[in-house]
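Numbers restart at 1 for each chain; the letters A, B, ... are given by sequence-line order, proteins then strands.
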Amino acid sequence: MAPVLEARNIVRDYAGAGGLFRRAQPVRALKGISFSVEQGRTLAVVGESGCGKSTLARIITLIDPATAGDLLIDGERIDIARQGLPPGLRRKVQIVFQNPYGSLNPRQKVGDMLMEPLILNTKDTAEQRRDKAMAMLVKVGLAPEHFQRYPHMFSGGQRQRLAIARALMVNPRLLVLDEPVSALDLSVQAQVLNLLADLQEEFDLTYVFISHDLSVVRYIADEVMVMWKGEVVEYGSRDAVFDAPQHDYTRTLFAATPVTDVAAIRARVARRRAAGIGAPAA
Amino acid sequence: MALLEIRNLSVGFETSTGRFHAVKGIDLDVHPREVLAVVGESGSGKSVAMLAAMGLLPKTAIIQADVMRFDGRDLLTMPDAQRREIIGRDISMIFQEPIASLNPCFTVGYQIEEVLRAHLNMGARARRARAIELFRAVGIPDPEGRLASYPHQMSGGQCQRVMIAMAIACKPKLLIADEPTTALDVTIQKQILDLLMTLQEDTGMGMIMITHDMGVVAETADRVVVMYKGRKMEEAGVLDIFESPSHPYTRALLSALPELATGDRLPTVSDFIDTQALAEGA
């Protein structure tokens, strides 16, 4: 069976700044990215700001076309620059953005927001749409009485649940998650990650999980792809990447991640005490 | 003697539905030469408590405390003019969003010299020399040239270095860092935390690190205060917090860390404590 998502040598250029005597040079945000994701798996894309991971998310979600290269969804080649968005494809690929405060329409009630994708993409009757939206609210851990409320009445974690619910309304096969938990508190982050794991199991969903947080990636990913300046510097199974990183940049990234290991904390406290710095002895 | 001493601090705001208590009777001590981490999720009151101590809250805030003393001087009865002399010189603060905390209309050199002019009464040439020295101390390359840059011409990490340079310009006795690395990439976060710790160790100033990130706590703190919904849940040495947290909420925070996850699911706060009862003050 073909992988749900396959990218071959994806390139994306943005128009750069030019001048009166200087021709505009394109900025190459993606320099030939290749990968594939099988159904029910999670690919984590890791990198710092400016590495091209959000550009990649927009191309996978069919918002922007690639400048060159092939994007295959369910084995079918898609080129939205030439043929536009083929009918039915929006149902297959959905996205959840980072900031749940910015990605929900403040003037739209939750119920209308959830039903809108069904109006656009399906032939469901009003009653079917309503039932599906109610069921989805329960599925993401909210309640049917939330149907008539507005986004500002919800907390950050609840809004991210709403964004996930909206993405799942059309039964997508592929869900692109662009830093879905970065804006959330630690305990809320845990709830949303649990929810994503449950939903993946229930609907056999495929995730492309974009993140800069390595501890979250280690928890949720099957495969990991590390990007740096528009290139893939490391790509492999989670255990391979975390246990034996090959590229210098990956090792730098791991070294920069704070360690919560008790032995490391003890060493640091002892070093500071020896230097006459730190908390006074109790 | 404690550098900053706070007893029974409460902060409330009048809202249309009655008074909202953001901070409910907390005690806090910061000693010279130590780093105190104040940990909590959004809405826990950690920032509001510190802003109250500095007198930076709007007039609508209702601040009550039995004791609020800095370096033996009473902050509660102090006239505003005197307080302004202390704030910025003996107590300084770094905020979360470096680019938003700098004035976009002035060069960073002007802004750092403004601090020196306001507090230290230095001549123009001495100010410039000191500014260059400070930029060098916080690791800004080409300090002479950089003085003429505007904030938008610098990266987030560089802007945070400028903020730190401004904060340490008058050799403060206490530095309050409010989520100083939350908006930064992990490799930049590492650099900024290393810089702050080196400065703290070299100068022996007291430091309050406000954060929601247990990783940052593990890398910086000597002592830790855990806050939740305006109350202090636990106060202990950093080793005790990670090794044997005594309060259920602290245990919940730690177990929600993905890197410490043991099972298939991440535990959430409600697995540990009755959040409703805690909120009502039971």
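- Interface residue A/Ala255: only backbone heavy atoms are found under 4.5 Å from chain B.
- Considering all non-hydrogen atoms of both residues, B/Asp185 and A/Ser49 come closest at OD2-OG, 2.7 Å.
- At a heavy-atom separation below 4.5 angstrom, chain A is approached by B/Gln200, B/Glu201, B/Gly204 within residues 198-211 of chain B.
- Surrounding CD of A/Glu201 are at most 12 heavy atoms belonging to other residues, nucleotides or ligands under 6.0 Å away.
- Note that OG1 of A/Thr260 is 9.5 Å distant from CG of B/Asp213, once rounded to the nearest 0.5 Å.
- The two residues B/Val216 and A/Pro258 make their nearest non-hydrogen contact at N-CB, 4.3 Å.
- The stretch residues 187-196 of chain B places B/Thr187, B/Gln189, B/Lys190 near chain A, each with some heavy atom under 4.5 Å from a heavy atom of that chain.
- Residue contact with chain A, scored on non-hydrogen atoms closer than 4.5 Å, is absent for B/Thr182.
- Considering only heavy-atom pairs separated by less than 4.5 Å from chain A, the leading option among B/Met197, B/Met214, B/His31, B/Glu219 is B/Glu219.
- At a 4.5 Å heavy-atom cutoff, the contact between A/Arg266 and chain B is made by backbone and side-chain atoms alike.
- Counting heavy atoms of neighbouring residues, nucleotides and ligands inside a 6.0 Å radius, atom CZ of A/Arg28 does not exceed 12 of them.
- Between B/Val238 and A/Val269, the closest side-chain pair of non-hydrogen atoms falls below 4.5 Å.
- Annotation for B/Ala221 and A/Arg268: closest pair O-NH2, 2.6 Å, computed over non-hydrogen atoms.
- Counting non-hydrogen atoms of neighbouring residues, nucleotides and ligands closer than 6.0 angstrom, the CZ atom of B/Arg33 reaches no more than 12 such neighbours.
- Between B/Thr220 atom OG1 and A/Ile265 atom CD1 the span is 10.0 Å, to the nearest 0.5 Å.
- Minimum interatomic distance between A/Val259 and B/Ala218 (heavy atoms only, all atoms of both residues): O-CB, 3.3 Å.
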